[in-house]
There are 2 protein chains.
Amino acid sequence: MLKKMILPFTLALSLLGISTAAYSEDSPAEAAAKYRQGAFQMTKFHFGQMGAVVKGAKEFNADEFKKNAEIVAMMSQIVANGFGEGSSADDSNAKPNVWTDAAGFKSKLESFQVEAAALVKAAESGDLEQIKPQFGKVAETCKACHKEYRND
Amino acid sequence: MLKKMILPFTLALSLLGISTAAYSEDSPAEAAAKYRQGAFQMTKFHFGQMGAVVKGAKEFNADEFKKNAEIVAMMSQIVANGFGEGSSADDSNAKPNVWTDAAGFKSKLESFQVEAAALVKAAESGDLEQIKPQFGKVAETCKACHKEYRND
């Protein structure tokens, strides 16, 4: 019993050594900037997959489309983790008004969240004619927020 | 009725112009590399939050810990999207054996998925003493896969 309890603890300690050594080189602001840039790239990837379907360059597969929409919706929720207090970094594409106009930024982010969730609903219909206009609405929220709060 | 049908279609077309112009500069391999690098940064962020708790540098909040664990588990599932066919990029940290030893890589990725899911379960207990060893196990899967398949 004692052995069982000691082993995981030792394991945890030795592995913590690994995680702090290998993964703690970023300041909180740098980590936040990398987080939101990561969310952007992942969102863009799935958005691009859906865009190819919407413009007819890729065959429509309802299940795949729904998965893409779900990941974008999830990203719209968690990307806020990259914009918390102390997350402003000098070398990031985020404009200072993300933080100085926090209410305006929050409102734009919420529009993205609402429309992305609506795209999941549209995707659940399996009807591309319902999906297309909603895809357009999501694209509009990307553009509206990036225009005001991001250096492209 | 006709007007209603035409409007969304026009909207979709005009917005597609936006998405293809602003977001299609990457080749599929580049997009995949950015995707997996994004997943890595997002995972690292949440892993770091949990690591700070496990090593006692940050107060334990069971709900927050669980959210961090859930996002890492979700990332462990979707990161595979960045390693599909044609996703090998010259300027990426992924070693060629990700693709030449696809079965070995898949096995390592699955270990990450299994242990990350188990960390969510451990986090649901709200008991830090159950969480710590499982956090260590997840860290071990990160290290095991990166050592073999990633240039650090």
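Numbered from 1 within each chain, the chains take letters A, B, ... in sequence-line order.
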Hey, could you give me the [atom1]/[atom2] distance between [X] and [Y], rounded to the nearest 0.5 Å?
X       : Y       : atom1 : atom2 : value
B/His46 : A/Ile78 : NE2   : CD1   : 5.0 Å
A/Gln49 : B/Asn81 : CD    : CG    : 7.5 Å
A/Gln41 : B/Gln41 : CD    : CD    : 11.5 Å
B/Met74 : A/Met74 : CE    : CE    : 3.0 Å

Under a 4.5 Å side-chain heavy-atom rule over Ile, Leu, Val, Met, Phe, Trp and Tyr, are [X] and [Y] clustered together?
X        : Y        : value
B/Val138 : B/Val114 : no
B/Trp99  : B/Tyr35  : no
A/Ile131 : A/Phe112 : yes

inquiry  = Looking at B/Lys67, I'd like to know if its NZ atom is crowded, meaning that more than 12 non-hydrogen atoms belonging to other residues, nucleotides or ligands lie closer than 6.0 Å.
reply    =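 At most 12 heavy atoms, drawn from other residues, nucleotides or ligands, come within 6.0 Å of this atom.
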
query = Do other residues, nucleotides or ligands put more than 12 heavy atoms under 6.0 Å from the NZ atom of A/Lys66?
reply =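 For A/Lys66, atom NZ is not crowded (no more than 12 foreign heavy atoms under 6.0 Å).
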
request  = Sort A/Met75 into side chain, backbone, both or neither according to what part of it lies under 4.5 angstrom from a heavy atom of chain B.
outcome  =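 For A/Met75, the side chain is the part near chain B, not the backbone.
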
task = Could you tell me which of A/Gly82, A/Pro28, A/Ala39, A/Gly48 has the largest number of non-hydrogen atom pairs under 4.5 Å with chain B?
result =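 Max contact count across the listed options: A/Ala39.
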
